[in-house]
Amino acid sequence: MLNLVIFGAPGSGKGTQSAKLIDEYSLYHISTGEVLRHEIASGSELGKLADSFISKGQLIPDDLMIKILDEILLRHLKDREGVVFDGFPRTIAQAEALKELLAKHGSELHAVIGLEVPEDELVERMIKRGQQTGRADDTPETIKNRLKVYHDQTQPVQEFYRNQGKYIPVNGTGVVDEIFADIMKGIETSTGEKSRKK
Ligand code: AMP
């Protein structure tokens, strides 16, 4: 298996690069943000609860988020060649839980790709995405909160993985395909894995 986390601030290009990763390495994509947006769109109780946090730019509480991920892995991990975790973990508690959840399935996390983008560019990208897609949390006030939450709660996860030798920093600015080429180089150097594209 090849299990990767795509890590970075909101607007750093995690979704875009995840799409390329799943294609290149035949991986299963788990975007916790997409899962939650799907619940909101369906009008479920979980969706209503999630919306009360997402609309303020806050994180869903760890115990709930970990339970959701546990259920996704139970349903989808079997017979997969690996997973790209996009938007998870966002806290140290989630990072610790991910290790345990993967161990439960006899697996482990192999590498964490960190997309590094300056803050002014992150804001610009999210404002543009909000205008183009209507994504409800891409508004100036919510963006400000999401960046603060990222600095306070998510950035420590970078150090957590750096200390384990799993963090691969990648410059997330410039041309999408060039960023992806850097990601592939990083994966090969760190895990020995090459493209699995048939
Ligand atoms: P994303 O699409 O990854 O930017 O996520 C959108 C929003 O969903 C975030 O701002 C959070 O409110 C919520 N969310 C997504 N993933 C997580 C997570 N791992 N932990 C807590 N909240 C999350």
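Positions are given from 1, in the same order as the sequence printed here. First listed ligand is number 1; within each ligand, the first listed atom is number 1.
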- If you count the atoms of ligand 1 from 1 in the order shown, which ones are under 4.0 Å from a heavy atom of Gln58?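 With Gln58 as reference, the close atoms of ligand 1 come out as 11 (C), 12 (O).
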Under a 3.5 Å cutoff, is there a donor and acceptor pairing between the side chains of [X] and [Y]?
X: Glu119; Y: His151; answer: yes
X: Thr142; Y: Asp137; answer: no
X: Gln153; Y: Thr91; answer: no

Problem set entry | Cation-pi geometry met for Arg196 and Tyr25 (6.0 Å, 45°) | no
Using a heavy-atom cut-off of under 4.0 Å, does the side chain or the backbone of Gln94 touch ligand 1, or both, or neither?
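Just the side chain.
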Starting from atom 9 (C) of ligand 1, which protein heavy atom do you reach first, and at what distance in Å?
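Protein heavy atom at minimum distance: Arg90 NH2, 3.8 Å.
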Closest to atom 2 (O) of ligand 1 among protein heavy atoms sits Arg37 NH1, 2.9 Å
Nearest non-hydrogen atom to [atom] belongs to which of [options]?
atom: atom 7 (C) of ligand 1; options: Thr32, Ile54, Leu36, Val149; value: Ile54
atom: atom 6 (C) of ligand 1; options: Arg135, Gln153, Arg146; value: Arg135
atom: atom 22 (N) of ligand 1; options: Asp138, Ile60, Thr142; value: Ile60

*Apart from Val123 itself, what residues make up its hydrophobic cluster when side-chain heavy atoms of I, L, V, M, F, W and Y under 4.5 Å apart count as a link, directly or indirectly?*
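So far as hydrophobic clustering goes, Val123 is joined with Val117, Leu122, Met126, Ile127, Ile143, Leu147.
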_Inter- and intrachain pairs under side-chain hydrogen bond (donor to acceptor under 3.5 Å, both in side chains), touching residues 7-16, at least two apart_ =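 Not a single pair qualifies under side-chain hydrogen bond (donor to acceptor under 3.5 Å, both in side chains).
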Is there a nitrogen or oxygen of Gly87 sitting under 3.5 Å from a nitrogen or oxygen of ligand 1?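 N/O-N/O distance below 3.5 Å exists for this pair.
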